[in-house]
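No experiment lies behind these values; they were computed from the predicted model shown. Side-chain atoms are counted along with the backbone in the values below, which use heavy atoms only and exclude waters and symmetry mates.
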Number of protein chains: 2
Amino acid sequence: MNRATAAVVKSALPDTISGKRALATQDAIERVRSSLGRSRLRWSPQREQIVLAFLKQDHITIRGLYGFLNRNGRRAPLNTIYRTMRVLCDNGFAQARRFGEETHYDNISAKGDHDHLICTGCGYIVEFEDPTIEGLRHAVASANGFHLTGRNLELYGLCAVCRVDEHPAVRT
Amino acid sequence: MNRATAAVVKSALPDTISGKRALATQDAIERVRSSLGRSRLRWSPQREQIVLAFLKQDHITIRGLYGFLNRNGRRAPLNTIYRTMRVLCDNGFAQARRFGEETHYDNISAKGDHDHLICTGCGYIVEFEDPTIEGLRHAVASANGFHLTGRNLELYGLCAVCRVDEHPAVRT
DNA sequence: TTTTGTGCAAACTGTTTGCATTTCC
DNA sequence: GGAAATGCAAACAGTTTGCACAAAA
């Protein structure tokens, strides 16, 4: 790992979730399930576990999901996870974003376009929204005759913790 | 190829270059050479060919360089190109940026930070600079206690050509 | 003459696919 | 019953590395 874009999110959220979040997740799961159903896609136990795990995070990698599931005794092979995530992307629940070596999947079911502030020390990721970019987008697009469809803005830097410790923090 | 981030640059610049550009390149080559020399890195014929080819483009992939060199009878194996590009990155002449399946190398020897407007139809890439982002960067950074070091902004859309033709253009 | 680069082949990593089998609708 | 998902293994693409040899400083 010696490319400029290093660092990987170490986000392993607690395996237990608060009542409030559990409800929100329950709700979201139901939305995914019926949406897939409408597209004649099916609902298997594996798929449910993967979607459930995915919906708990803001962004996660395939290996992250794989580890999470295994840790909780809900084993699923990598290719099944890949396939499920592709389905989620195709149906507008996830968004794939390449970062460093692997693809990160953003949970966009409950939020609009957002961008990322990434600590190159520990891999900590802050998501933010800023309307300022909209103006820029349209200015640049019209100046070049483009019809815009998407964007990806990543800001890199050192978080407060990593700036103080000379050694990068290990975020959980 | 069915991920959101598709499309690859088809940029194969003319193999002959204008006198003006040739001079600029000659100049840049010399700067690279002496910079590497100062770091006790060496100057081989292969390296010269790779750097020469790289400096002619704004951004290119390893396979792009490989094809370019081969087309011009200056064969170089892939791993040599990879190693040379890493040297160029380490010494501030190139910048690696992952896009789609492969890594793109931006020629930053003669320009500052810039961003990309990318046509998802034909892979055409427009580079642009916009000071507006600076304000945004600092606002977001200070709000989150980050010390910024870099950024990457990609705007995706359809270029004028691809919007008219329903079929994507093949840019050269 | 020592250190760095080259080039071939083999390894490695993230991701996809073929295919027989199982499961959902 | 028929379409779709699973899970194993094998394939694949981009990239890196080990190593013997060649070449630059």
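- With DNA chain C read from its 5' end, the first of the two nearest nucleotides for B:R42 and B:A76 is the one closest to B:R42.
- Ion pair A:R74/A:E48 not flagged as a salt bridge, since none of the NZ, NE, NH1 or NH2 atoms sits closer than 4.0 Å to an Asp/Glu carboxylate oxygen.
- Atom CZ in B:R47 sits about 10 Å away from atom P in D:dA25, given to the nearest Å.
- Taking 4.0 angstrom as the limit, B:Q46 places a side-chain polar atom (N or O) nearer than this to OP1 or OP2 of C:dG7.
- Atoms CZ (A:R40) and P (D:dG2) sit 17 Å apart, rounded to a whole Å.
- Using a 4.0 Å heavy-atom distance criterion, B:R83 is classed as a base contact.
- Side chain of B:N107 to main chain of B:Q57: a donor-acceptor pair is present (N/O by atom type, distance under 3.5 Å, no hydrogens or angles).
- Distance CG (B:L78) to P (D:dG14): 9 Å, rounded to an integer number of Å.
- At least one donor-acceptor pair under 3.5 Å links the side chain of A:R163 to the backbone N or O of B:G145.
- In this structure, A:R75 atom CZ and D:dT6 atom P are separated by 16 Å, rounded to whole Å.
- For B:E102 and D:dC12, the CD to P distance is 18 Å, given to the nearest whole Å.
- The distance from atom CD of B:E48 to atom P of C:dT4 is 21 Å, rounded to the nearest whole Å.
- In this structure a side-chain-to-backbone donor-acceptor pair under 3.5 Å is missing from A:S35 to A:R31.
- A sub-4.0 Å separation between OP1 or OP2 of C:dT16 and a side-chain N or O of A:Y82 is absent.
- Checking C:dG14, D:dA5, D:dA25 against the side-chain heavy atoms of A:S44 singles out D:dA5 as nearest.
- Residue A:T103 places at least one side-chain N or O closer than 4.0 Å to OP1 or OP2 of C:dT15.
- In terms of polar N and O atoms assigned as donor or acceptor, the side chain of A:N79 comes within less than 3.5 Å of the base of C:dT17 in a complementary pairing.
- Per the geometry, CG belonging to A:L36 stands 11 Å off P belonging to C:dC25, to the nearest Å.
- Regarding B:Y105, its OH atom lies at a distance of 12 Å from the P atom of D:dG14, rounded to whole Å.
- Here the nucleotide nearest the side chain of A:L41, chosen from D:dA5, D:dT6, D:dA25, is D:dA5.
- With DNA chain D read from its 5' end, the first of the two nearest nucleotides for B:R63 and B:R33 is the one closest to B:R63.
- Under the 3.5 Å distance criterion, the side-chain polar atoms of A:D130 are matched with a main-chain donor or acceptor of A:T132.
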